[in-house]
*Asks:* 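After the structure tokens below, expect a handful of questions from me.
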Amino acid sequence: MTLSEILTPSIQKAVQDLFDVTIEKVEFQSTRKEFEGDITMVIFPLLKLVKSNPVELGNKIGNYLVENVTEVAKFNVVSGFLNIVISDAYYLNFFNEIKSVEKYGFVTPTPSDKAVMVEYSSPNTNKPLHLGHVRNNLLGYSVAEIIKASGKKVYKTQIINDRGIHICKSMLAWQKFGEGQTPETSGLKGDKLVGNFYVAFDKAYKEQINQLMAEGKTEEEAKKQAPIILEAQEMLLKWEAGDEAVIALWKKMNQWVYDGFAATYTTMGVDFDSYYYESNTYLLGKDVVQMGLEKGIFEKDPDGSVWIDLTAEGLDRKIVLRSDGTAVYMTQDIGTAIQRVKDMADVGGIVYTVGNEQDYHFKVLFLILKKLGLIGLRIYFICRMEWSICLQVK
């Protein structure tokens, strides 16, 4: 029963007992936020039946309710409105009653409805999950469960960024400084161990930059010519070429990270129905970039890098392929979006749960997908605690 349904008989009895008047209907409204109360009774209609001023009438009814109705804790009267405060005991009893009801409030899914895919977490395999991932995981998981409760079929998923220059940095640092450490020998979770080597790479990189600058190089030149970054770039090229030794190291260190992630997800109480890996989708993204080049959607610079010009839409030029032919995040995200639609024909929308620092990236992604004309589904974007429809891709 609703609060109005619970209170109506009591208020009818109060009016009968206090004023010897019978009323058939009680008018309620939401309590204005600046006043204390859970529900508000409108007094004015009673003035036609009871000769009194609205404040006096409201106080008499309020006092009667407090004395005779267990659900009413207190009240206040503002002009012709009786703001009723419901007791904590009522809410506690309500929750205790529904605790035993399986899936209380859930709507039965309609088979013909399109499913919704919710993406969250989406970490990199070069470091452990951080505080931002806590927010991302809990928000994404909660949204997925809410959508499921509303009667939609939901697929909870994530894209794992398991390839790229950042992954090679951790791999190279482990080769140089790791001395054969493993999660077992170090006593560290695998994601933490790999993250330590990402930090070690950055430390060595900065030292080499400073050394080159001391030898007369500009900072920009030093960043490009530091031996360790050149080695990382060479490792990425070998990875994309399928070098057996590099692939073996990549698989080993990624598995350390996956084991660490799994422990964290268990602790947080979140789960996933499917996983996508950048290593499996970036090639599709590269194929799409080539198709876009042929259609004139993308353009190639003299150095061989491929870009899209979005200045007419108020954005800027965005790189989608490096000059050496290796993929960037955008390449992978294009491929992933397309692959998901191919995999799950019943998906009618995708919810991306990301940090607010990623809003520009996704605006660009959605606009690229629109220009390519590759998918037709609703795309939603959760940034911090806000949910807004960014674009309907046609």
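Values in this document were obtained by computation on a predicted structure and should not be read as measured data. The basis for the numbers below is simple: all heavy atoms, side chains too, and nothing from hydrogens, waters or symmetry mates.
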*Asks:* Is a donor from one side chain sitting under 3.5 angstrom from an acceptor on the other, for Tyr276 and Asp343?
*Replies:*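 The answer is yes; a qualifying pair exists.
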*Asks:* So, Asn63 versus Glu67: side-chain donor-acceptor pair below 3.5 Å or not?
*Replies:*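 No.
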*Asks:* Would a single hydrophobic cluster contain both Ile6 and Ile86, if residues Ile, Leu, Val, Met, Phe, Trp and Tyr are joined by side-chain heavy-atom contacts under 4.5 Å?
*Replies:*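 Ile86 and Ile6: one cluster.
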*Asks:* Can you tell me if Glu34 has over 12 outside heavy atoms packed within less than 6.0 Å of its CD?
*Replies:*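 Yes, the 6.0 Å shell around CD holds more than 12 heavy atoms from other groups.
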*Asks:* Without swapping roles, check the side chain of Asn124 against the backbone of Asn126 for a donor-acceptor pair under 3.5 Å.
*Replies:*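 Answer holds: no.
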*Asks:* Ile23 and Leu47: same hydrophobic cluster, using ILVMFWY side-chain contacts below 4.5 Å?
*Replies:*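 Both belong to a single hydrophobic cluster.
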*Asks:* Check the angle between the aromatic planes of Phe272 and Tyr265 and answer parallel, tilted or perpendicular using the 30° and 60° thresholds.
*Replies:*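 Rings of Phe272 and Tyr265: perpendicular, as their planes differ by over 60°.
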*Asks:* Before accepting this row, confirm whether a basic side-chain N of the pair Glu220/Lys223 lies closer than 4.0 Å to the acidic partner's carboxylate O.
*Replies:*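 Answer for the salt bridge query: no.
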*Asks:* Can you name the nearest heavy-atom pair linking Lys300 to Leu293, along with the distance?
*Replies:*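 For Lys300 versus Leu293, the nearest heavy atoms are N-CD2, 3.9 Å.
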*Asks:* Of all heavy-atom pairs between Met253 and Met171, which one has the smallest distance, and what is that distance?
*Replies:*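 Looking at all heavy atoms of both residues, the shortest contact is SD-CA, 3.7 Å.
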*Asks:* What are the two closest heavy atoms between Pro54 and Ile43, and how far apart are they?
*Replies:*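 Heavy atoms of Pro54 and Ile43 come nearest at O-CG2, 3.8 Å.
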*Asks:* Given side chains that start at C-beta, do those of Leu315 and Tyr360 come closer than 4.5 Å, heavy atoms only?
*Replies:*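 In short, these two side chains touch, coming nearer than 4.5 Å.
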*Asks:* Surrounding CG of Asp271 (heavy atoms of other residues, nucleotides or ligands, distance under 6.0 Å), is the total greater than 12?
*Replies:*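 Count over threshold, so yes.
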*Asks:* Please give me the minimum heavy-atom distance between Ala327 and Arg322, naming the atom from each residue.
*Replies:*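 Distance-wise, the nearest heavy atoms are O-NH1, 2.7 Å.
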*Asks:* Should Phe35 and Leu57 be regarded as members of a common hydrophobic cluster, given that ILVMFWY residues are connected when their side-chain heavy atoms come within less than 4.5 Å of each other, either directly or indirectly?
*Replies:*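 No, because Phe35 and Leu57 fall into different hydrophobic clusters, even though each may have its own neighbours under 4.5 Å.
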*Asks:* Going by heavy atoms in the side chains, are Leu230 and Gln208 under 4.5 Å from each other?
*Replies:*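 Not in contact.
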*Asks:* Checking Lys60 against Ser52: is there a side-chain donor and acceptor pair closer than 3.5 Å?
*Replies:*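 There is no such pair between these side chains.
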*Asks:* What is the ring orientation for Tyr277 with Tyr275, classed by angle as parallel under 30°, tilted 30 to 60°, or perpendicular over 60°?
*Replies:*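 Plane angle under 30°, so parallel.
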*Asks:* Do Phe362 and Val347 land in one hydrophobic cluster if side-chain heavy atoms of ILVMFWY residues count as linked below 4.5 Å?
*Replies:*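 Looking at the clustering, Val347 is in the same group as Phe362.
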*Asks:* Report the residue from Val42, Thr40, Leu7 that forms a side chain to side chain contact (heavy atoms under 4.5 Å, CB included) with Phe28.
*Replies:*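 Among Val42, Thr40, Leu7, the one meeting side chain to side chain contact (heavy atoms under 4.5 Å, CB included) with Phe28 is Leu7.
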*Asks:* NZ/Lys13 to CD1/Ile61 distance, rounded to the nearest 0.5 angstrom?
*Replies:*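 Lys13 NZ to Ile61 CD1: 13.5 Å, rounded to 0.5 Å.
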*Asks:* Check this for me: Arg317, atom CZ, are more than 12 non-hydrogen atoms of other residues, nucleotides or ligands nearer than 6.0 Å?
*Replies:*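 Counting neighbours around CZ of Arg317, more than 12 heavy atoms of other residues, nucleotides or ligands fall under 6.0 Å, so yes.
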*Asks:* Quick one: do Arg163 and Leu236 satisfy side-chain contact (heavy atoms from CB on, under 4.5 Å)? Show the steps, please.
*Replies:* CA-CA 8 Å; Arg163 61 156 299 280; Leu236 177 58; 3.8 Å; yes
*Asks:* Please check this pair: side chain of Asn76 against backbone of Gly37, looking for a donor-acceptor N/O pair closer than 3.5 Å.
*Replies:*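 Checking the backbone N and O of Gly37 against the side chain of Asn76, no donor-acceptor pair under 3.5 Å is found.
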*Asks:* Please examine the side chains of Leu367 and Glu313, heavy atoms only from C-beta on, and report whether any two atoms are closer than 4.5 Å.
*Replies:*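 Counting from C-beta outward, Glu313 and Leu367 do come under 4.5 Å.
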*Asks:* If you count heavy atoms of other groups shown closer than 6.0 angstrom to CG of Leu131, is the number above 12?
*Replies:*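 No, because the 6.0 Å sphere around CG of Leu131 holds 12 heavy atoms or fewer from other groups.
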*Asks:* How many angstroms lie between atom CD1 of Ile228 and atom CD of Glu207, to the nearest 0.5 angstrom?
*Replies:*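 So the gap between those two atoms works out to 9.0 Å.
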*Asks:* Within the 4.5 Å heavy-atom criterion, are Thr125 and Val194 side-chain neighbours or not?
*Replies:*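 No. Closest side-chain heavy atoms not under 4.5 Å.
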*Asks:* Determine whether Phe298 and Leu372 satisfy the following criterion, side-chain contact (heavy atoms from CB on, under 4.5 Å), listing intermediate values before the conclusion.
*Replies:* CA-CA 10 Å; Phe298 301 121; Leu372 290 168; 4.2 Å; yes
*Asks:* Would a distance-only check, ignoring hydrogens and angles, find a side-chain to backbone donor-acceptor pair under 3.5 Å from Ser122 to Ile160?
*Replies:*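 Looks like no, no N/O pair under 3.5 Å.
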*Asks:* Taking atom CG of Asp316 and atom NZ of Lys318, what is their separation to the nearest 0.5 Å?
*Replies:*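 One gets 7.5 Å once the value is rounded to the nearest 0.5 Å.
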*Asks:* Under 3.5 Å, is there a donor-acceptor pair between the side chain of Asn136 and the main chain of Ser121?
*Replies:*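 Side chain of Asn136 to backbone of Ser121: a pair is present.
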*Asks:* Counting heavy atoms not belonging to Glu219, are there more than 12 under 6.0 Å from its CD?
*Replies:*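 Open.
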*Asks:* Under a 4.0 Å threshold between the charged nitrogen and the carboxylate oxygen, would Glu240 count as salt-bridged to Lys286?
*Replies:*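 A salt bridge links Lys286 with Glu240.
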*Asks:* Any side-chain heavy-atom pair from Lys156 and Glu145 closer than 4.5 angstrom?
*Replies:*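 Of all side-chain heavy-atom pairs linking Glu145 with Lys156, at least one is under 4.5 Å.
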*Asks:* Looking at CD1 of Ile368 and CE of Met330, how far apart are the two atoms once the value is rounded to the nearest 0.5 Å?
*Replies:*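 That separation rounds to 5.0 Å.
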*Asks:* Say whether, by atom type as modelled, one donor and one acceptor occur between the side chain of Asp301 and the main chain of Asp303 under 3.5 angstrom.
*Replies:*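 Side chain of Asp301 to backbone of Asp303, a donor-acceptor pair under 3.5 Å: no, none is there.
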*Asks:* Got a salt bridge between Lys189 and Asp191, using NZ or NE/NH1/NH2 to carboxylate O under 4.0 Å?
*Replies:*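 Salt bridge flag = yes for Asp191 with Lys189.
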*Asks:* State, yes or no, whether a side-chain contact exists between Glu278 and Thr336 at a heavy-atom distance under 4.5 Å.
*Replies:*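 Not in contact.
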*Asks:* Are Thr157 and Arg340 side-chain neighbours, meaning at least one heavy-atom pair lies under 4.5 Å?
*Replies:*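 The answer is yes, as the side chains (C-beta and beyond) meet within the 4.5 Å cut-off.
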*Asks:* Has the side chain of Thr266 got a donor or acceptor atom that lies under 3.5 Å from a matching backbone atom of Ala262?
*Replies:*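 The answer is yes, because a donor-acceptor pair under 3.5 Å joins these two groups.
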*Asks:* Does a donor on one side chain sit under 3.5 Å from an acceptor on the other, for Tyr155 and Asp346?
*Replies:*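 Looking only at side-chain atoms, Asp346 and Tyr155 do form a donor-acceptor pair, the distance falling under 3.5 Å.
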*Asks:* Can you check side-chain contact (heavy atoms from CB on, under 4.5 Å) on Met41 and Val26, steps first, answer last?
*Replies:* CA-CA 7 Å; Met41 175 191 172; Val26 180; 4.0 Å; yes
*Asks:* Where is the tightest heavy-atom contact between Asp162 and Asn254, given as atom of each residue plus distance?
*Replies:*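 Residues Asp162 and Asn254, closest heavy atoms: O-ND2, 3.5 Å.
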*Asks:* Give a yes or no answer on whether the side chain of Gln12 reaches the backbone of Thr22 with a donor-acceptor pair at less than 3.5 Å.
*Replies:*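 Such a contact is absent between Gln12 side chain and Thr22 backbone.
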*Asks:* Would you call the rings of Tyr141 and Tyr120 parallel, tilted or perpendicular, where under 30° means parallel and over 60° means perpendicular?
*Replies:*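 Tyr141 and Tyr120: perpendicular rings.
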*Asks:* What pair of heavy atoms forms the shortest contact from Asn137 to Met268, and how long is it?
*Replies:*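 Closest approach of Asn137 to Met268, heavy atoms only: CB-CE, 3.5 Å.
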*Asks:* For side-chain contact (heavy atoms from CB on, under 4.5 Å), just list the numbers for Gln233 and Ile229, CA-CA rounded to whole Å, side-chain angles, deciding distance to a tenth of an Å, and then say yes or no.
*Replies:* CA-CA 6 Å; Gln233 292 168 353; Ile229 193 65; 3.9 Å; yes
*Asks:* What I'd like to find out is whether the side chain of Glu231 reaches to under 4.5 Å of the side chain of Glu234, using heavy atoms alone.
*Replies:*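 A side-chain contact is absent here, since even the closest heavy-atom pair is not under 4.5 Å.
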*Asks:* Could you point out which residue of Tyr329, Tyr198, Phe201 forms a ring-ring contact (aromatic ring centres under 6.0 Å, His included) with His166?
*Replies:*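 By the ring-ring contact (aromatic ring centres under 6.0 Å, His included) criterion, His166 pairs with just one of Tyr329, Tyr198, Phe201: Tyr329.
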*Asks:* Can Val288 be reached from Leu310 by stepping across I, L, V, M, F, W or Y side chains whose heavy atoms are under 4.5 Å apart?
*Replies:*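 Result: yes, single cluster for both.
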*Asks:* What distance do Thr331 atom OG1 and Leu284 atom CG have between them, rounded to the nearest 0.5 Å?
*Replies:*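 One finds 11.0 Å between OG1 of Thr331 and CG of Leu284.
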*Asks:* What distance do Asp38 atom CG and Ser30 atom OG have between them, rounded to the nearest 0.5 Å?
*Replies:*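 One gets 10.5 Å once the value is rounded to the nearest 0.5 Å.
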